[in-house]
Amino acid sequence: MDNKKQISVQINQSKSNSSEHKSTNQATLEDYIRENHHPVMDDHQVFQRKYTPDTNGFNRSRKTSFWSKYKTFLISAITAVLIGSFLGFMMLKIFVDLDPEEVAFDQNTSNGQAVTTTSDQSDEEDSATANAQEQEDFQSKAFNFFVTQAGVFKNEDAANQLVQELKGDQIESMVWSRDDKYHVFVSVKTTHDASKQYTTNTFPSSYEMYPGKEWQTISATFSISDEEKAWLTDLEGILDQMIEDNIDETAVDQWLANEPSNTSEEIQALSAEIESIKTAEYEQSSQVILLRLLNQYENVANE
């Protein structure tokens, strides 16, 4: 027991040494930071970060220049002005180089040859002018009536075949062409009821007749002489009487006697047709002749 040494432990001393060592390390770290990085702030200091603008940090879009924006329009405008000026200059040069005498000659030529007027041509023109002055415009009358139709075809041969079949049964008929169709008519009356009644009493039931069909001649305006105008006006009065079933043979004879000279072939055909109506054997035949007259009169007016 006497050999044992006394051991004393200083707890406070150890603690003091530890604090001192820690304080020394902290001081050393702060000095290092001050020397190599940023200064250490005291408690009363406020940290403020200063940003240094970096011009290369962002890709800013540049403002479009005037030339880049309007380059296409300016190039097009300049090109159009240059082309127009060139063409205008060429046209001006062409007209300036023309010989005035050559231009005057071209204005009075036809097909490369000078136009000359002979005395014969002058006489023909004077004659045509005189004939035109003698003629007047004539408005043909549009006749209204009702017909009995035996058939209508798109082919003229088929229509003529029906005409022959009807003739075999003692039925007269005629073909009236209009609008690319061929109508076969067998009678004409002034009213719808009269047409139906006449068809029922006259034609056999074996044929499909269509009575009471309204029809009208086509009016037209054409130039004729004063003499022909008066003659055709009288004919219209005679045709009105015939449609009413009143045939005045005296008036027909007078009209035929007053036929003008140098009439057209169409008007001569009218004269021949109206004369045959006087020799018609029965009423149905005379009605068909009247239909032919009305058809020919329409053709004369529309030639």
Side-chain angles (χ1 to χ4, degrees), residues 127 130-148 150 156 159-160 163-164 166-167 170-178 182-191 194-195 198 202 215-303:
S127 177
N131 292 333
Q133 292 176 351
E134 292 177 359
Q135 293 184 344
E136 294 183 0
D137 289 339
F138 175 73
Q139 179 71 43
S140 64
K141 182 176 180 178
F143 294 94
N144 297 291
F145 45 89
F146 293 85
V147 299
T148 298
E156 185 177 9
N160 291 328
V163 170
Q164 296 301 321
L166 292 170
K167 191 173 183 179
Q170 305 299 316
I171 300 175
E172 295 292 333
S173 60
M174 58 85 62
V175 178
W176 196 311
S177 175
R178 179 177 291 178
Y182 300 91
H183 304 263
V184 179
F185 296 150
V186 294
S187 72
V188 53
K189 290 294 181 179
T190 55
T191 64
S195 177
Y198 180 81
T202 306
W215 201 254
Q216 183 183 51
T217 59
I218 299 175
S219 177
T221 302
F222 54 100
S223 297
I224 55 176
S225 64
D226 290 340
E227 190 178 7
E228 289 177 327
K229 182 178 179 180
W231 192 65
L232 290 180
T233 302
D234 292 340
L235 174 62
E236 291 179 347
I238 294 174
L239 293 176
D240 276 331
Q241 293 179 359
M242 289 182 176
I243 294 174
E244 296 287 344
D245 291 335
N246 297 322
I247 300 177
D248 188 351
E249 293 187 2
T250 303
V252 172
D253 291 337
Q254 185 65 37
W255 180 78
L256 291 171
N258 294 333
E259 181 179 355
S261 59
N262 300 323
T263 56
S264 63
E265 294 181 358
E266 290 79 8
I267 293 180
Q268 292 176 6
L270 278 174
S271 301
E273 196 69 50
I274 199 171
E275 191 171 6
S276 66
I277 201 170
K278 297 187 300 180
T279 60
E281 297 180 356
Y282 46 91
E283 181 182 1
Q284 195 268 326
S285 178
S286 64
Q287 290 187 27
V288 173
I289 294 174
L290 175 59
L291 285 169
R292 292 197 188 101
L293 275 170
L294 293 169
N295 186 22
Q296 289 179 359
Y297 185 73
E298 180 182 81
N299 292 336
V300 170
N302 290 276
E303 282 294 330

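- Qualifying side chain to side chain contact (heavy atoms under 4.5 Å, CB included) partners for Ser286, counting only residues two or more places apart in sequence or in other chains: Ile277, Ala280, Glu283.
- Side chain of Thr202 to backbone of Tyr198: a donor-acceptor contact under 3.5 angstrom is found.
- Residues Glu228 and Phe138 fail the side-chain proximity criterion, which asks for heavy atoms closer than 4.5 Å.
- Considering CD1 of Ile238 and CG of Asn246, their distance stands at 13.0 Å, rounded to 0.5 Å.
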Subject >> Verdict with reasoning, Trp176 to Val184, per side-chain contact (heavy atoms from CB on, under 4.5 Å) >> reply: CA-CA 6 Å; Trp176 196 311; Val184 179; over 6 Å; no
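- Here the side chains of Phe145 and Thr217 are in contact, with some heavy-atom distance below 4.5 Å.
- Looking only at distances, a side-chain donor or acceptor of Gln284 sits under 3.5 Å from a matching main-chain atom of Val186.
- Taking the side chain as every heavy atom from C-beta outward, Leu239 and Leu290 approach each other to under 4.5 Å.
- For the pair Met174/Val163, no side-chain contact is recorded, criterion being any heavy-atom separation below 4.5 Å from C-beta on.
- Listed by chain and number, the residues in a side chain to side chain contact (heavy atoms under 4.5 Å, CB included) with Asp234 are Trp255 (sequence neighbours excluded).
- Once rounded to the nearest 0.5 Å, the distance linking OH of Tyr297 with CG of Leu270 reads 8.5 Å.
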Original post:
Would Glu298 and Gln216 satisfy side-chain contact (heavy atoms from CB on, under 4.5 Å), going step by step from the backbone distance to the final call?
Top reply: CA-CA 10 Å; Glu298 180 182 81; Gln216 183 183 51; over 6 Å; no
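- For Ala269, the side chain to side chain contact (heavy atoms under 4.5 Å, CB included) partners two or more places apart in sequence, or in a different chain, are Gln296.
- Side-chain contact between Glu156 and Asn160: present, with at least one pair of heavy atoms (C-beta onward) separated by less than 4.5 Å.
- Pairs engaging residues 250-261 under the salt bridge (charged side-chain N to carboxylate O under 4.0 Å, His left out) rule: Asp253-Lys278 [sequence neighbours left out].
- In terms of heavy atoms, Ser271 sits closest to Leu256 at O-CD2, 3.7 Å.
- When all heavy atoms of Ile274 and Leu293 are compared, the pair lying nearest together is N-CD2, 3.6 Å.
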**OP:** Could you give me the CA-CA distance, side-chain angles and deciding distance for Ser223 and Asp137, then say whether side chain to side chain donor-acceptor pair (under 3.5 Å) is met?
**Re:** CA-CA 4 Å; Ser223 297; Asp137 289 339; 2.9 Å; yes
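- Separation of atoms CG (Leu235) and CG (Asn258) is listed at 12.0 Å; rounding is to 0.5 Å.
- The ring-ring contact (aromatic ring centres under 6.0 Å, His included) pairs that include a residue from residues 269-295 number zero, where partners must be two or more places apart or lie in different chains.
- The shortest non-hydrogen separation linking Glu172 to Arg292 is OE1-NH2, 4.3 Å.
- Taking the six-membered ring for Trp and the full ring otherwise, the centers of Phe185 and Trp215 sit less than 6.0 Å from each other.
- Not a single donor-acceptor pair under 3.5 Å links the side chain of Ser177 to the backbone N or O of Tyr182.
- The distance from atom OG of Ser187 to atom CG of Leu291, rounded to the nearest 0.5 Å, is 7.5 Å.
- The closest donor-acceptor contact from the side chain of Thr233 to the backbone of Lys229 lies under 3.5 Å.
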**OP:** Test Lys141 against Leu232 for side-chain contact (heavy atoms from CB on, under 4.5 Å), laying out the working first.
**Re:** CA-CA 10 Å; Lys141 182 176 180 178; Leu232 290 180; over 6 Å; no
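- Remark: Ala251 engages Asp248 in a side chain to side chain contact (heavy atoms under 4.5 Å, CB included) (not counting sequence neighbours).
- The shortest distance between side-chain heavy atoms of Ser219 and Gln139 falls below 4.5 Å.
- The cationic group of Lys189 does not satisfy the cation-pi geometry with Phe146, failing either the under 6.0 Å distance to the six-membered ring centre or the 45° limit from the ring axis.
- Among all heavy-atom pairs drawn from Leu166 and Ala150, the shortest one is CD1-CB, 4.0 Å.
- Separation of atoms CD (Glu275) and CD (Glu249) is listed at 11.0 Å; rounding is to 0.5 Å.
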